[in-house]
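Every chain is numbered from 1 and lettered A, B, ... according to where its sequence line falls, protein lines coming before strand lines.
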Number of protein chains: 2
Amino acid sequence: MADVAEKAGVSRALVSIIFRNQAGASQETRERVLRVADEIGYRPDSAARLLARGRSRTLGVMFTVQQTFHTDLITGIYPEAERLGYDVLLSGATHGRSEAKAVEALLSHRCEAVILLGPDAEPAFLDELGRRTVAVSVSRRVPRARVDFVHSAEGKGVRQAMDHLVELGHRRIVHIDGGRGPGSAERRRAYRAAMRRHGLQAQARVIPGHHTEESGIETGRLLLAERDGGRLLPTAVLAGNDRCAMGLLMALTRAGVEVPRDLSVVGYDDSHLSHLMPIGLTTVRQDALLMAEHAVRFAVERLEEREREPREAVLDPKLVVRGTTGPVPEGPGPA
Amino acid sequence: MADVAEKAGVSRALVSIIFRNQAGASQETRERVLRVADEIGYRPDSAARLLARGRSRTLGVMFTVQQTFHTDLITGIYPEAERLGYDVLLSGATHGRSEAKAVEALLSHRCEAVILLGPDAEPAFLDELGRRTVAVSVSRRVPRARVDFVHSAEGKGVRQAMDHLVELGHRRIVHIDGGRGPGSAERRRAYRAAMRRHGLQAQARVIPGHHTEESGIETGRLLLAERDGGRLLPTAVLAGNDRCAMGLLMALTRAGVEVPRDLSVVGYDDSHLSHLMPIGLTTVRQDALLMAEHAVRFAVERLEEREREPREAVLDPKLVVRGTTGPVPEGPGPA
DNA sequence: GCGCGCTACTAGCGCGCTCTAGTTCGAGTA
DNA sequence: TACTCGAACTAGAGCGCGCTAGTAGCGCGC
């Protein structure tokens with residue numbers, strides 16, 4: 001920068017002004033300085049810039065690698081952040097890299113706010129993070145933590161799915177839950193409520209699971225083993241999310257159970273996996289783009305108006321009926 | 001930092017030493033300082049640190065959101081980078097965010113090296129980037145660009161797949177290519193060579209495509225339309241990658257074509273999608289972990305020994321036979 | 001008693017930039 | 001002419017660290 005200033009015959013301050021596109025330099029000088037900078041190959045050092053101005057205008061996003069729904073969200077985060085003049089830094093949690101670590105990385109890179117996609121961390125961790133910086137949690141709601149929330153009305157989504165199944169004649173509807181996964185608790189609760197509302201509380205059954213394909217596969221195996229042991233298969237399964245539904249479908253189809261003839265399956269997310277299944281997965285759509293926009297806006301607004309209280313956005317999900325749900329099989333099911 | 005120093009009754013320099021895990025502080029002081037820092041919530045500012053020491057020890061990774069294989073790679077990049085003492089920053093290219101933009105973001109955050117996962121950019125762009133900084137390209141080889149390459153021996157992979165198909169009796173084997181996608185050119189070439197080697201050059205057919213599910217679906221539709229127009233379906237398809245294979249499977253299955261009874265399909269990547277298909281996708285495995293490790297190591301070694309010439313790692317892929325390939329159908333195929 | 005080497009610690013400059021509080025100068029105004 | 005004013009520009013402090021060159025204190029051998 002000093003080189004540029006010297007070579008252009010101006011002060012460093014003026015170079016700074018020009019590179020920040022600020023008023024206070026004549027058009028002529030501006031062009032000259034930019035030309036010189038280009039010759040030298042000068043690019044402002046964002047580290048120094050960041051240090052000097054105290055603000056990074058950077059949002060950190062923590063996500064779980066492999067969660068397809070997260071990539072949908074990220075796609076929406078970039079443009080909205082750019083629109084508001086913010087940079088985005090991504091940090092992935094993987095098997096060997098905890099969420100805490102991923103967040104730590106973001107923070108030490110001076111992200112002003114952190115957007116957590118489907119965080120799996122302790123409420124206390126979230127709350128502390130929320131006090132230390134501006135934080136937004138997407139998909140997971142943690143009641144008393146000091147963070148913004150963006151999630152969908154799980155209850156409504158599950159209700160739509162359940163109504164759809166009941167309307168098709170299903171009674172033995174099982175729910176594979178998502179364990180401690182984001183939204184799981186609400187979905188579980190809504191499933192139980194729906195069963196009750198339809199007078200099916202006696203048949204309600206929640207099988208513990210996770211938001212992974214593996215979990216779907218396992219549950220599929222479990223159900224098949226039970227069937228072989230004489231227990232009736234359910235006629236419909238409400239999976240914890242799409243990935244779980246995919247795993248289940250795989251296990252069942254492999255064993256000769258035909259979907260939706262023998263059994264109906266509903267997923268959750270409408271991650272872009274869903275339309276991939278040969279017959280298309282019936283699922284509950286969460287509008288990733290809208291959720292992403294809300295998350296970014298929440299973060300930025302709290303950043304620019306520091307005293308603002310955290311808010312909560314609850315978006316309405318929507319059942320998308322595709323090929324994995326159908327009328328209940330006629331017979332009482334295989335022996 | 002000054003606060004920590006004061007509160008712990010030491011100098012800032014000592015705090016610095018302790019946070020850098022350097023020798024020169026007693027165990028006792030070390031613990032006291034760390035305790036105080038924790039209380040205050042102090043965390044070293046990486047911008048300032050970076051500015052002061054001139055090195056960021058940060059690797060930038062550009063990837064394409066939605067490319068499942070990339071998330072497999074990222075999973076491998078983190079631990080290897082950490083092992084070598086480097087931080088990782090992720091920047092995604094999405095539909096509305098070009099690779100150039102994603103890379104620019106990394107550079108302006110002072111990444112010392114950039115690892116590009118399956119870059120789709122112009123050779124000239126890559127070369128220029130490689131001259132400006134240390135760059136590694138994974139999956140895509142660009143002959144004369146000044147960057148390291150890590151990719152798999154596409155030729156070997158394709159050859160294994162083709163041998164497998166021919167052994168099963170297939171003759172009408174079609175290849176959906178990946179357009180300008182990483183590895184596509186090599187795979188295309190290897191496909192043609194394999195057809196020739198098996199004396200099938202007359203039947204060789206490359207259908208232009210992309211590395212997306214949509215492309216697979218489209219090709220499926222195309223083949224079905226051709227069949228309805230009287231042309232024979234191929235008996236086997238070598239897809240450009242797993243996503244394309246998935247799309248193809250979806251389109252075919254939906255139309256009543258049974259895989260592998262009526263038609264065999266081979267993917268490429270063994271991204272973690274592959275084992276999800278009800279019958280499991282036969283595919284060519286690229287070892288993501290190993291590729292990730294190589295990429296990180298290449299970047300770091302060039303960083304630490306600046307005059308080093310860029311290198312190239314070619315890893316052997318391996319055919320994984322699952323459920324989408326089978327013996328050629330007996331008849332000449334449906335009318 | 002002296003120098004020696006060692007560990008534990010400190011003073012203070014400088015990294016490349018931004019920003020505040022200026023200065024300079026020429027045109028416009030009373 | 002004397003003044004004001006705004007546009008164009010500058011000096012220099014300071015952002016939060018790392019690092020070099022030191023000092024203080026202590027046990028050691030001779």
Side-chain angles (χ1 to χ4, degrees), chain A residues 1-38 40-58 85-87 104-112 132-133, chain B residues 1-38 40-58 85-87 104 107-112 132-133:
Chain A
M1 178 158 166
D3 295 347
V4 175
E6 192 183 348
K7 203 164 173 198
V10 296
S11 69
R12 294 187 311 103
L14 195 55
V15 175
S16 170
I17 284 173
I18 289 167
F19 268 91
R20 278 177 291 134
N21 250 325
Q22 226 199 324
S26 67
Q27 193 53 39
E28 193 187 344
T29 320
R30 213 171 273 271
E31 278 164 16
R32 181 162 37 95
V33 168
L34 288 176
R35 189 155 27 78
V36 169
D38 198 46
I40 297 189
Y42 165 82
R43 282 152 43 83
D45 180 329
S46 72
R49 176 172 266 183
L50 199 155
L51 180 60
R53 76 173 144 203
R55 285 204 55 180
S56 65
R57 293 194 75 86
T58 298
Y86 281 76
D87 234 4
E104 213 52 47
L106 290 175
L107 253 34
S108 87
H109 278 279
R110 276 304 185 253
C111 289
E112 297 183 27
R132 207 160 71 183
T133 181
Chain B
M1 176 157 164
D3 296 347
V4 175
E6 192 183 347
K7 202 163 174 200
V10 296
S11 69
R12 293 187 311 104
L14 196 55
V15 175
S16 170
I17 284 172
I18 289 168
F19 268 91
R20 278 175 291 134
N21 250 326
Q22 226 201 326
S26 66
Q27 193 54 37
E28 192 187 344
T29 320
R30 213 170 271 273
E31 277 164 18
R32 181 159 40 92
V33 168
L34 288 176
R35 189 154 26 79
V36 169
D38 198 46
I40 297 190
Y42 165 82
R43 155 198 335 287
D45 180 331
S46 71
R49 174 172 268 183
L50 196 160
L51 182 60
R53 79 175 144 197
R55 286 203 55 181
S56 66
R57 294 193 74 86
T58 298
Y86 281 76
D87 234 3
E104 212 52 47
L107 253 34
S108 87
H109 277 279
R110 279 302 187 255
C111 290
E112 297 183 28
R132 205 161 76 185
T133 180

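- Using a 4.5 Å heavy-atom threshold, the side chains of His109(A) and Asp87(B) count as touching.
- At the heavy-atom level, Ala13(A) lies under 4.0 Å from base atoms of the strands shown.
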Run Arg43(A) and Leu107(B) through side-chain contact (heavy atoms from CB on, under 4.5 Å) and show every step you take.
CA-CA 10 Å; Arg43(A) 282 152 43 83; Leu107(B) 253 34; 3.4 Å; yes
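- Of the possible donor and acceptor atoms, one in the side chain of Arg32(A) sits under 3.5 Å from a partner among the backbone N and O of Ala8(A).
- Summary of the strand contacts: Phe19(B) and Ser11(A) both lie near DNA chain D, and taking for each the nucleotide with the nearest heavy atom, the more 5' one is attributed to Ser11(A).
- Looking at Thr133(B), its side chain does come within 3.5 Å of a backbone N or O of Glu112(B) through a donor-acceptor pair.
- Side chain of Arg20(B) to backbone of Ser16(B): a donor-acceptor contact under 3.5 angstrom is found.
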For a side-chain contact (heavy atoms from CB on, under 4.5 Å) check, start with the C-alpha distance between Arg55(A) and Leu50(A), then their side-chain angles and the critical distance, and finish with the verdict.
CA-CA 6 Å; Arg55(A) 285 204 55 180; Leu50(A) 199 155; over 6 Å; no
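- For DNA chain C, the contact window with chain A, defined by any atom under 4.0 Å from a protein heavy atom, covers dG16(C) to dC19(C) in 5' to 3' order.
- What separates CD1 of Ile17(A) from P of dA8(D) is a distance of 11 Å, to the nearest Å.
- Side-chain polar atoms of Arg30(B) and Ser26(B) form no donor-acceptor pair below 3.5 angstrom.
- With DNA chain C read from its 5' end, the first of the two nearest nucleotides for Ser26(B) and Gln22(A) is the one closest to Ser26(B).
- Rounded to 10 degrees, the angle separating the terminal helix axes of the helix from dG1(C)-dC30(D) to dA30(C)-dT1(D), each built from five base pairs, is 50°.
- One atom, CD of Glu28(A), and another, P of dA7(D), lie 17 Å apart when rounded to the nearest Å.
- Remark: side-chain polar atoms of Arg132(A) are not paired, donor with acceptor, to backbone N or O of Gly41(B) under 3.5 angstrom.
- Looking at heavy atoms from C-beta onward, Ile40(A) lies in side-chain contact with Lys7(A) at the 4.5 angstrom threshold.
- One interatomic measurement links the two molecules: CZ of Arg53(B) to C1' of dC15(D), which rounds to 17 Å at whole-angstrom precision.
- Sequence order on DNA chain C of the closest nucleotides to Gly9(B) and Ala48(B) puts Gly9(B) first from the 5' end.
- Residue contacts shown for Met1(B) are limited to sugar-phosphate atoms, with no base heavy atom under 4.0 Å away.
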